Structures are given as C-alpha cells and as structure tokens.
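Each remark here refers to the structure printed beneath this line.
Note that this is a predicted model, so its numbers are computed, not measured. Basis for what follows: all heavy atoms, side chains included, without hydrogens, waters or symmetry-related copies.
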Amino acid sequence: MIGSLLVGLTAVFLAMQSEYASKLNKLLFATNSLVPLLLMPAGFAAIAFFSTRYFNGTAGSGIPQTIAALNEPRAGKRRDLLSLHIAVGKVILTLASIAVGASVGREGPTVQIGASIMHFFYGHGPFRSPAHRRALILAGGAAGVAAAFNTPLAGIMFAIEELSKKHVFNANTPTIVTVVFSGLISLFLLGSYTYFGFTAATLDLATEGAAILVCGAAGGVAGAAFSRAMIAGTTLLPSRTDQKSRLLLIAALGGSAVAVIGLMTDGVIFGTGYEVTRAALEGREELPWYFGIAKLAATLLSTLSGIPGGIFAPSLAVGAGLGENVASFLPTIAPHSAVIVLTMAAYLAGVTREPMTSFVIMMEMTSSHHMLLPLMATTVVATGASRLVCPAPLYQTLADRFMGPAVDVAGLPDNAKNLQTK
C-alpha cells in the first residue's frame with residue numbers, strides 16, 4: 001500500500017509538471033523561430049551529460065531497464081537499473097527533455113519510476129526472494145502505466161503482455177492492489193478524465209470492415225519500421241560507460257536534427273504531440289499530411305539521442321498522423337475519427353507488439369468502448385504485420401543490452417547471498 005501510494009503520487013506529480021514543461025517549451029519557442037536551433041542541441045547534450053554523469057541508468061524510456069531487472073536470474077538488486085536515485089533523476093531529466101522540445105513522453109519513464117519505487121522494498125521485511133523481487137518490479141511497472149494514462153486495466157494488460165513474457169504472470173492480490181490503488185490515487189488527484197478526451201467514432205463491421213485490415217497493416221508496418229530503426233540505431237551507439245564525449249556529440253546532433261524537422265513543420269512535432277492528437281480525434285482540426293512521418297522521425301532521433309523520455313505518447317501521435325493519411329487516401333473506407341483511432345492502436349501495437357495493451361489503452365484513453373471489437377481485430381492484424389517486418393520485439397531486444405552487470409546482495413539473507421555466489 002505504501003509503495004502504490006508513492007507510485008501514484010509520483011506519477012501524478014510527473015503528469016502535472018510535464019504540462020508546465022510543455023508550456024515552457026512553447027513560451028521559449030514563441031520568442032523567436034531560431035530558438036530551437038540554439039536551445040535543442042545544447043539542451044540535448046546537457047541532459048545526456050547529466051544522465052551519464054549523475055543519473056546513469058535513466059536513458060531512454062526505462063522500460064528495457066525494467067524488463068532487464070525483472071529477467072535478472074541472479075539474486076540481488078540491480079541498482080544500476082532500478083533505484084530511488086534513478087527514479088529522482090528520471091523525473092527531473094524527463095521534464096527537461098519535454099521542456100527543450102524533444103519528441104518524448106512521460107509514460108515509459110513512469111514505468112521505470114514505479115518499478116524503482118517498488119524495487120526499493122526488496123531485501124526488506126518479507127521481500128527477500130527472487131520471486132518477491134519480480135513481483136515488486138512487475139507491480140511497480142504496471143502501476144506506472146495505470147497511473148500515467150489513468151487506465152488501470154491497461155496497466156494489468158501491460159504486466160501480462162510485456163513484463164511477463166519470460167515469467168508466468170501470477171495475478172495475486174498484492175499485484176492487483178498495487179495497480180488499482182495507484183490508479184485510484186491518480187483518479188482522486190486528477191479527477192475522472194480520459195487522456196485523449198471522448199470520441200464518438202463508430203465502425204460498421206458489415207460495410208466498413210475493410211478499414212480494420214488497411215489500418216492494421218499500415219500501422220503495423222510503420223511501427224515495425226520504427227522498431228527496426230530503433231534496434232539498428234541502438235546497436236551502433238557507443239557504450240554508456242565508454243566514449244562519453246561521443247554520446248554528448250550524438251545527443252547534440254540529434255537535438256539539431258529534431259530542431260530542423262520542427263522548423264520545417266512549423267513546430268508541430270515538438271513535445272509529446274498530445275494536444276494536436278486530441279484535437280484531431282475530437283474533430284476540431286485536421287493534422288497536416290506530413291505530421292505522421294515527421295513525428296516518427298523526430299521520435300526516433302530523440303530516443304537515439306540517449307536522453308530520458310518515453311515513446312508511448314509520441315507513438316500514438318504518429319499513429320494519428322498516419323490515420324490522417326489513410327483517411328485522405330481512402331475517404332470512404334470508414335468515418336474519419338474511426339480511421340484515426342484504429343491506426344493509432346495499430347501503430348502502437350506495431351511498435352510494442354502488445355495487441356491487448358494497445359487496444360485497451362486506446363479504448364480507455366478515448367472512452368471508445370463501443371469500438372472494442374474493431375480495435376481488438378486491428379491490433380491483432382498490426383501485430384502480425386509487425387512480426388513480418390521486424391521479427392525481434394523492440395523492448396525485449398533493447399533489454400538484452402542491460403543484462404549481465406553484477407548485482408548488489410547487500411541486505412539480503414544468507415541463502416540469497418549463497419545463491420548469488422554459486
């Protein structure tokens with residue numbers, strides 16, 4: 001209960017402060033159109049410096065680190081991946097990334113933050129076995145998703161699909177209580193809200209069912225292309241423990257590239273993409289034709305720059321842009337808002353290879369429960385298309401890079417230390 005309270009409060013704090021960070025970014029960039037060209041390279045490099053020098057382990061979304069700690073076969077703590085120090089750094093640097101205009105979100109970082117908070121209790125009281133460590137990390141990561149999106153069911157689905165790929169998911173009471181209670185904290189402090197508002201999108205399966213195949217294939221292939229580029233780019237990056245000067249140079253170059261893309265697109269790709277995506281879903285405005293591909297490129301460059309930040313919210317924005325393209329090319333295939341919703345879920349499923357999590361997130365974030373069957377079918381199609389283009393799952397592949405360092409056995413019972421020694 002203490003852990004879930006802390007996860008919920010931290011997630012709410014990060015959500016509220018990320019809005020202020022976005023407003024600060026708009027205020028800075030509104031002063032002069034050339035500000036991004038000066039601020040973003042320096043900002044990216046500064047964030048990468050603090051990440052490598054003072055908060056090592058905070059780079060990227062944090063989900064691969066969480067998975068690596070969860071899959072660690074040895075007894076002991078992975079303080080290099082999950083700790084309260086990392087959680088504090090993740091909050092600060094994620095807000096800084098959003099403030100300088102990086103195309104990142106706060107949802108992935110909330111997973112690592114939640115897992116770090118729950119991981120702290122390992123080695124204390126009754127939580128001393130490897131099974132307890134996995135249960136704590138699993139509950140913290142799932143609670144992070146639930147509190148970040150205000151989607152408790154999506155948090156449980158995320159725990160089943162992504163965090164439990166190498167372990168049997170045990171739907172025990174403590175895990176469920178942690179997820180639900182963290183979600184209730186978010187609900188109590190932020191109120192009952194849907195992340196992307198409400199959409200009245202509907203789909204007639206008899207006459208508009210083809211949209212499921214088209215949106216699923218388009219989103220799945222595009223998501224797989226992003227995953228392949230992420231995996232390939234990550235393997236080319238230098239180690240975070242060596243060649244730190246090269247890491248700073250890569251971060252500065254990434255910031256420069258995102259700034260150029262932003263200037264070419266009138267700044268629409270800066271930040272999470274939340275506001276423009278919500279406006280498109282609610283039918284208040286249409287996204288420009290280049291938004292999807294530009295947002296994809298900006299998200300890829302921001303992530304490969306090595307700065308902290310997630311890809312969940314930007315991926316949904318990319319999916320909305322691609323859905324706008326599908327609706328423009330095939331205007332009669334289905335209602336405009338329905339195509340956008342389906343393509344958003346499809347692209348997220350293509351990137352993460354989590355069909356259940358993707359359709360539940362979209363259903364809860366847009367209050368489109370009436371679109372349950374179309375969303376479910378679309379994410380299944382997208383996942384199949386994604387496997388054909390990118391056989392390696394993104395998060396699991398990135399997690400392999402964090403496997404192997406020594407673990408900390410301090411504070412564990414003698415039998416756990418003996419197991420580590422063996």
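- Listed for the R353 side chain is no donor-acceptor partner under 3.5 Å among the backbone atoms of G384.
- Once rounded to the nearest 0.5 Å, the distance linking CG of L373 with CG of L203 reads 10.5 Å.
- Residues V100 and I47 have side chains in contact (heavy-atom distance under 4.5 Å, counting atoms from C-beta outward).
- Residues E208 and I333 have side chains not in contact (no heavy-atom distance under 4.5 Å, counting atoms from C-beta outward).
- A donor-acceptor pair is defined here as one N or O able to donate and one able to accept, closer than 3.5 Å; such a pair exists between the side chain of R228 and the backbone of V389.
- Looking at R106, its side chain never comes within 3.5 Å of a backbone N or O of V91 through a donor-acceptor pair.
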| message | I'd like to know whether Y122 forms a side chain to side chain contact (heavy atoms under 4.5 Å, CB included) with R78, so could you lay out the CA-CA distance, the side-chain angles of the two residues, the decisive distance to 0.1 Å, and finally the verdict. | response | CA-CA 11 Å; Y122 176 56; R78 289 296 304 271; over 6 Å; no
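- Here the CE atom belonging to M363 is positioned 11.0 Å from the NE2 atom belonging to H370, to the nearest 0.5 angstrom.
- Counting only distance, with no hydrogens or angles, the side chain of S302 and the backbone of S103 share a donor-acceptor pair below 3.5 Å.
- Annotation: side chain of L14 is not in contact with side chain of T10 (no heavy-atom distance under 4.5 Å).
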| request: Check the pair F312, V351 against side chain to side chain contact (heavy atoms under 4.5 Å, CB included), reporting the backbone distance first and the verdict last. | output: CA-CA 9 Å; F312 262 99; V351 171; over 6 Å; no
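- Of the possible donor and acceptor atoms, none in the side chain of R387 sits under 3.5 Å from a partner among the backbone N and O of P393.
- You'll find the ring centres of F55 and H85 inside the 6.0 Å limit.
- The pair E285-R278 fails the salt-bridge criterion, with no side-chain N (NZ, NE, NH1 or NH2) lying under 4.0 Å from an Asp/Glu carboxylate O.
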| side chain to side chain contact (heavy atoms under 4.5 Å, CB included) evaluation trace for F329 with W289 | CA-CA 11 Å; F329 281 114; W289 65 267; over 6 Å; no
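- In the model, E286 has no side-chain atom that pairs as donor or acceptor with a side-chain atom of H336 under 3.5 Å.
- For the atom pair OG (S256) and CD1 (I261), the distance works out to 11.0 Å, reported to the nearest 0.5 Å.
- Here the options are V326, L342, T343, the test is side chain to side chain contact (heavy atoms under 4.5 Å, CB included), and the partner is V214; only V326 passes.
- Judged by distance alone, with hydrogens and angles left aside, the side-chain atoms of S386 form no donor-acceptor pair with the main-chain N or O of A382 at under 3.5 Å.
- Considering only heavy atoms from C-beta on, S337 stays 4.5 Å or farther from L281 through its side chain.
- Between T94 and I307, the closest side-chain pair of non-hydrogen atoms is not below 4.5 Å.
- Taking the side chain as every heavy atom from C-beta outward, F120 and L6 never approach each other to under 4.5 Å.
- Between the side chain of E324 and the backbone N or O of G319, no donor-acceptor pair lies under 3.5 Å.
- Under 3.5 Å, the side chains of T58 and S51 contain a donor-acceptor pair of N or O atoms.
- The shortest distance between side-chain heavy atoms of L248 and F44 does not fall below 4.5 Å.
- Under the 3.5 Å distance criterion, the side-chain polar atoms of S61 are left unmatched by any main-chain donor or acceptor of G310.
- Within a 6.0 Å sphere centred on CZ of F50, heavy atoms belonging to other residues, nucleotides or ligands number 12 at most.
- Proximity of a side-chain donor or acceptor of Q396 to a complementary backbone N or O of P64 within less than 3.5 Å is not detected.
- The closest donor-acceptor contact from the side chain of N25 to the backbone of F270 lies at 3.5 Å or more, if one exists at all.
- Rounded to the nearest 0.5 Å, atoms CG (L93) and CZ (F49) are 11.5 Å apart.
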| said: Please determine whether side chain to side chain contact (heavy atoms under 4.5 Å, CB included) holds for the pair T352 and T357, giving the CA-CA distance in whole Å, both sets of side-chain angles, and the decisive distance to 0.1 Å. | reply: CA-CA 9 Å; T352 63; T357 303; over 6 Å; no
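- Contact of the F359 side chain with the E364 side chain is not registered, since no non-hydrogen atoms from C-beta on lie closer than 4.5 Å.
- Expressed to the nearest 0.5 Å, how far NZ of K295 lies from CZ of F226 amounts to 11.0 Å.
- Atom CE of M362 sits about 8.5 Å away from atom CG of L348, to the nearest 0.5 Å.
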